[in-house]
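The structure appears right after this line, and notes come after that.
Because the structure is predicted, anything quoted here is derived from the model rather than measured. Numbering of residues begins at 1 and proceeds along the displayed sequence.
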Amino acid sequence: VVVQQAGIHFKATFAPVASLTSLRVLLDIAANLGLSLRQLDFTCAYLHADLHEVLWVRPPPGISVPPGHAWCLHKALYGLRQAGREWHQTLDSTIREFGFRRCSADPCLCTRVNPDDPKLIVILLIYVDDVILATNWTSAADELVKNLLVKFNVKDLGALSWFLGMHIVRDGSSIQISQAQCIETILKRFNFWECKPYATPCDSTKRLTNLPAECAPDPAETAEVAKFPHREVIGSLLCAACVSRPDIAATVGFLARSMADPRLVHVQAASAAFAIYAVRTTCDSATLPLLTLSTPTSMAIWQATTPAT
């Protein structure tokens, strides 16, 4: 397919994925209830989804077909506009057949509770083809994996350790989320790997409010700011601030407001935020908690959002 036209080759393209908030809530619940965490990975996930539109494609080089003939797709391919949506609907309908219900707050968070013993539960968190399975109901979890293997090509990766670039470490009653590897890559990308570490994410003596448009900066300052990839830096900082580094969230929030017209003070503050990246990343791995989940604060949220149809 070279060009897909809306309404002819596809009707809808949206496919939900699990939110980072749902991930943190799930890990918090697992830490409090002592749920085991497993990870599943679907190989060539999109190829398992059926297409509902008629799509014709030319065969790849090396495959001979009669002149004037083409292939009609029955399954989704990577690159099709609707492939992600078709895969999500396929997996969602399959999971519902196994007795799971979607959470009303997140369609990618599904649960199954033992009707005879409500304390036994299986929770699934779905992010495209990566799935976290949290449970204290071992027999039901094993049965689910067995049933999924019948319909899909699934890899059981065992105990959860890496998910979406996050290193998840379980230590007794707490679960730690670390993005040390991602942060190291970002620091090296922007040449901050060997910078002098800061103890705080922002200088309290500097104000990060935006200046009026009529306050033109000094030409030398403008040249200095132009050398700094401000937008790329803020985007990289947001990646960690929203997941495992709440200590820089306030600073990054202020910096994000200046992306349209950054000044030297914003560049210096962004550099400081990178420096606090370094002070935590270069610590010994045994003392790198970053974001630790072990408090019961999310239990009320869970109880309020679990019932769903």
Exercise: identify the closest heavy-atom pair between [X] and [Y]:
{"X": "Gln82", "Y": "Phe10", "answer": "OE1-CB, 3.6 Å"}
{"X": "Tyr46", "Y": "Ala83", "answer": "CD2-CB, 3.5 Å"}
{"X": "Asp50", "Y": "Lys75", "answer": "OD1-NZ, 2.6 Å"}
{"X": "Ala141", "Y": "Val122", "answer": "N-CG2, 4.2 Å"}
{"X": "Val243", "Y": "Cys239", "answer": "CG2-O, 3.3 Å"}
{"X": "Arg189", "Y": "Ser236", "answer": "NH1-OG, 3.9 Å"}

I'd like to check [X] versus [Y] (side-chain heavy atoms, cut-off strictly below 4.5 Å). Are they in contact?
{"X": "Ser178", "Y": "Val169", "result": "no"}
{"X": "His88", "Y": "Val17", "result": "no"}
{"X": "Trp71", "Y": "Val65", "result": "yes"}
{"X": "Leu80", "Y": "Gln4", "result": "yes"}
{"X": "Glu53", "Y": "Lys11", "result": "yes"}

Start with the C-alpha gap between Asp129 and Thr43, add the side-chain angles, then the distance that decides, and say whether side chain to side chain contact (heavy atoms under 4.5 Å, CB included) holds. CA-CA 8 Å; Asp129 57 356; Thr43 303; over 6 Å; no

Is it true that, when you exclude Lys188 itself, more than 12 heavy atoms of the residues, nucleotides or ligands shown sit nearer than 6.0 Å to its NZ? yes

Point-to-point distance, once rounded to the nearest 0.5 Å, from [atom1] of [X] to [atom2] of [Y]:
{"X": "Leu91", "Y": "Phe152", "atom1": "CG", "atom2": "CZ", "value": "5.5 Å"}
{"X": "Leu125", "Y": "Cys110", "atom1": "CG", "atom2": "SG", "value": "9.0 Å"}
{"X": "Asn153", "Y": "His48", "atom1": "CG", "atom2": "NE2", "value": "5.5 Å"}
{"X": "Cys182", "Y": "Leu187", "atom1": "SG", "atom2": "CG", "value": "9.5 Å"}
{"X": "Leu26", "Y": "Leu37", "atom1": "CG", "atom2": "CG", "value": "6.5 Å"}
{"X": "Asp156", "Y": "Leu149", "atom1": "CG", "atom2": "CG", "value": "8.0 Å"}

Does [X] reach the main-chain N or O of [Y] with its side chain, forming a donor-acceptor pair under 3.5 Å?
{"X": "Asn147", "Y": "Glu143", "answer": "yes"}
{"X": "Gln39", "Y": "Val131", "answer": "no"}
{"X": "Arg85", "Y": "Phe14", "answer": "yes"}
{"X": "Ser93", "Y": "Gln89", "answer": "yes"}
{"X": "Asp106", "Y": "Ser19", "answer": "yes"}
{"X": "Ser174", "Y": "Arg170", "answer": "no"}

Do [X] and [Y] belong to the same hydrophobic cluster, where Ile, Leu, Val, Met, Phe, Trp and Tyr are linked whenever their side-chain heavy atoms lie under 4.5 Å apart, directly or via other members?
{"X": "Leu35", "Y": "Phe100", "result": "yes"}
{"X": "Val154", "Y": "Phe98", "result": "yes"}
{"X": "Val128", "Y": "Ile126", "result": "yes"}
{"X": "Leu77", "Y": "Leu55", "result": "yes"}
{"X": "Tyr127", "Y": "Val145", "result": "yes"}

Determine whether His167 and Gln176 satisfy the following criterion, side chain to side chain donor-acceptor pair (under 3.5 Å), listing intermediate values before the conclusion. CA-CA 8 Å; His167 189 204; Gln176 300 175 346; over 6 Å; no

Audit row: Arg102, Thr111, side chain to side chain contact (heavy atoms under 4.5 Å, CB included) steps and yes/no: CA-CA 7 Å; Arg102 291 190 298 181; Thr111 62; over 6 Å; no

Does the pair Arg38 and Asp142 meet the rule for a salt bridge (charged side-chain N to carboxylate O under 4.0 Å, His left out), with working shown? CA-CA 11 Å; Arg38 295 165 63 179; Asp142 292 339; 3.0 Å; yes

Only distances under 3.5 Å count here; give the side-chain donor-acceptor pairs of residues 132-139 to other protein atoms, sequence neighbours excluded, each with its distance to 0.1 Å.
from, atom 1, to, atom 2, distance (Å)
Thr135, OG1, Ile121, O, 2.9
Thr135, OG1, Trp137, N, 2.7
Thr135, OG1, Trp137, O, 3.2
Asn136, OD1, Ile121, N, 2.9
Asn136, ND2, Lys119, O, 2.9
Trp137, NE1, Ser139, OG, 3.2

Determine, for Arg96 against Asp92, whether the closest basic-nitrogen to carboxylate-oxygen distance falls under 4.0 angstrom. yes

Steps toward side chain to side chain donor-acceptor pair (under 3.5 Å) verdict (Ser244, Gln179): CA-CA 7 Å; Ser244 62; Gln179 289 182 294; 2.7 Å; yes

For the aromatic rings, using the six-membered ring if either is Trp, is the centroid distance between Trp87 and Tyr78 under 6.0 Å? no

Hey, mind stepping through Leu124 and Leu144 against side chain to side chain contact (heavy atoms under 4.5 Å, CB included) and telling me if it holds? CA-CA 10 Å; Leu124 294 179; Leu144 170 65; 3.8 Å; yes

Using the side chain to side chain contact (heavy atoms under 4.5 Å, CB included) rule, take Ser161 and Ile168 through it: C-alpha gap first, then chi angles, then the decisive distance, then the call. CA-CA 5 Å; Ser161 58; Ile168 300 174; over 6 Å; no

